[in-house]
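Have a look at the structure below, then the notes.
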Amino acid sequence: MITSVEVEHSSRVHAQRRIRSRFSRLLQDWQRKSRVHYYQSFNQDVNFFIEESTEHSGEHYMTAHHFGVKENDLIQIQDSDVLTTYKVLEIDYYSDPPEMWTARLTSEVE
């Protein structure tokens, strides 16, 4: 015996799908957009270390505690009266603690 069943989707199901779709688009946009992260060398609460690369001119290596930094983001470091902007070329997060990372930066921001 073959039985045909017609299933009606409620407006609630459609609304949930729209919300999921909208959330997914917002998350993708957030992941693509470059963000600016600010650090102060004289701030005792933010721990970071930055040094010039000995291999590549204009590049630096930075290690810090700050979740959310990703490739192509900008990092601005305030040191007294000087504000320097760097672009994240590569970043690797540690597994423990998970918010700690090491990145390769360039000071030649486009």
Side-chain angles (χ1 to χ4, degrees):
M1 176 198 263
I2 299 175
T3 307
S4 172
V5 178
E6 188 174 316
V7 178
E8 289 185 28
H9 292 285
S10 69
S11 60
R12 184 180 208 182
V13 171
H14 289 299
Q16 288 175 343
R17 285 184 182 161
R18 281 194 306 272
I19 289 170
R20 251 187 256 129
S21 176
R22 214 175 294 145
F23 178 74
S24 178
R25 279 194 304 265
L26 286 172
L27 182 59
Q28 288 172 353
D29 287 347
W30 177 81
Q31 290 173 332
R32 271 183 258 164
K33 288 183 182 174
S34 295
R35 294 175 34 193
V36 179
H37 306 273
Y38 299 96
Y39 293 88
Q40 296 174 336
S41 64
F42 49 86
N43 185 347
Q44 298 294 332
D45 295 334
V46 179
N47 295 325
F48 73 92
F49 179 76
I50 188 165
E51 65 180 343
E52 284 189 55
S53 171
T54 57
E55 301 165 357
H56 302 97
S57 177
E59 290 187 3
H60 295 74
Y61 291 99
M62 181 174 177
T63 302
H65 257 116
H66 184 86
F67 188 74
V69 179
K70 60 189 184 321
E71 287 183 16
N72 295 318
D73 280 359
L74 299 179
I75 293 179
Q76 291 188 330
I77 299 176
Q78 181 77 44
D79 185 16
S80 298
D81 296 334
V82 178
L83 179 69
T84 308
T85 302
Y86 302 92
K87 183 176 181 179
V88 178
L89 299 175
E90 293 178 290
I91 188 164
D92 290 314
Y93 276 89
Y94 288 69
S95 58
D96 188 26
E99 69 279 358
M100 190 169 188
W101 50 264
T102 297
R104 185 169 61 96
L105 314 174
T106 181
S107 58
E108 299 168 4
V109 179
E110 299 167 1

### Task
Just do the side chain to side chain contact (heavy atoms under 4.5 Å, CB included) check on Ile50 and Leu105 with the steps written out, would you?
CA-CA 9 Å; Ile50 188 165; Leu105 314 174; 3.9 Å; yes

### Task
Report the C-alpha separation of Phe48 and His65 in whole Å, then their side-chain angles, then the decisive distance to 0.1 Å, and conclude whether the side chain to side chain contact (heavy atoms under 4.5 Å, CB included) test is met.
CA-CA 7 Å; Phe48 73 92; His65 257 116; over 6 Å; no

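Under the 4.5 Å side-chain heavy-atom criterion for grouping Ile, Leu, Val, Met, Phe, Trp and Tyr, Phe67 is connected to Val88 within one hydrophobic cluster.
A donor-acceptor distance shorter than 3.5 angstrom exists from the side chain of Asp73 to the backbone of Arg35, with no hydrogens or angles considered. Judged purely by atom type and a 3.5 angstrom limit, Ser107 uses its side chain to pair as donor or acceptor with the backbone of Gly58.
Every residue two or more places apart in sequence or in another chain that forms a ring pair (Phe, Tyr, Trp, His ring centres under 6.0 Å) with His66 is listed here: His37, Tyr39.
Within the hydrophobic cluster formed by Ile, Leu, Val, Met, Phe, Trp and Tyr side chains joined at under 4.5 Å, directly or through other members, Tyr94 is accompanied by Met100.
Interatomic distance, CD1 of Ile91 versus CE of Met62, reported as 9.0 Å (0.5 Å rounding). In this structure, Lys87 NZ and Glu59 CD are separated by 12.0 Å, a value rounded to the nearest 0.5 Å. Taking CD of Glu90 as the reference point, atom CG of Asn72 lies at 11.0 Å (rounded to 0.5 Å). To the nearest 0.5 angstrom, Ile75 atom CD1 is 12.0 Å from Tyr38 atom OH.
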Less than 3.5 Å apart, which donor and acceptor atoms pair up between the side chains of residues 77-86 and the rest of the protein, not counting sequence neighbours?
| unit_1 | atom_1 | unit_2 | atom_2 | d |
| --- | --- | --- | --- | --- |
| Gln78 | NE2 | Ser80 | O | 2.7 |
| Asp79 | OD1 | Ser41 | OG | 2.8 |
| Thr85 | OG1 | Gln76 | NE2 | 3.1 |

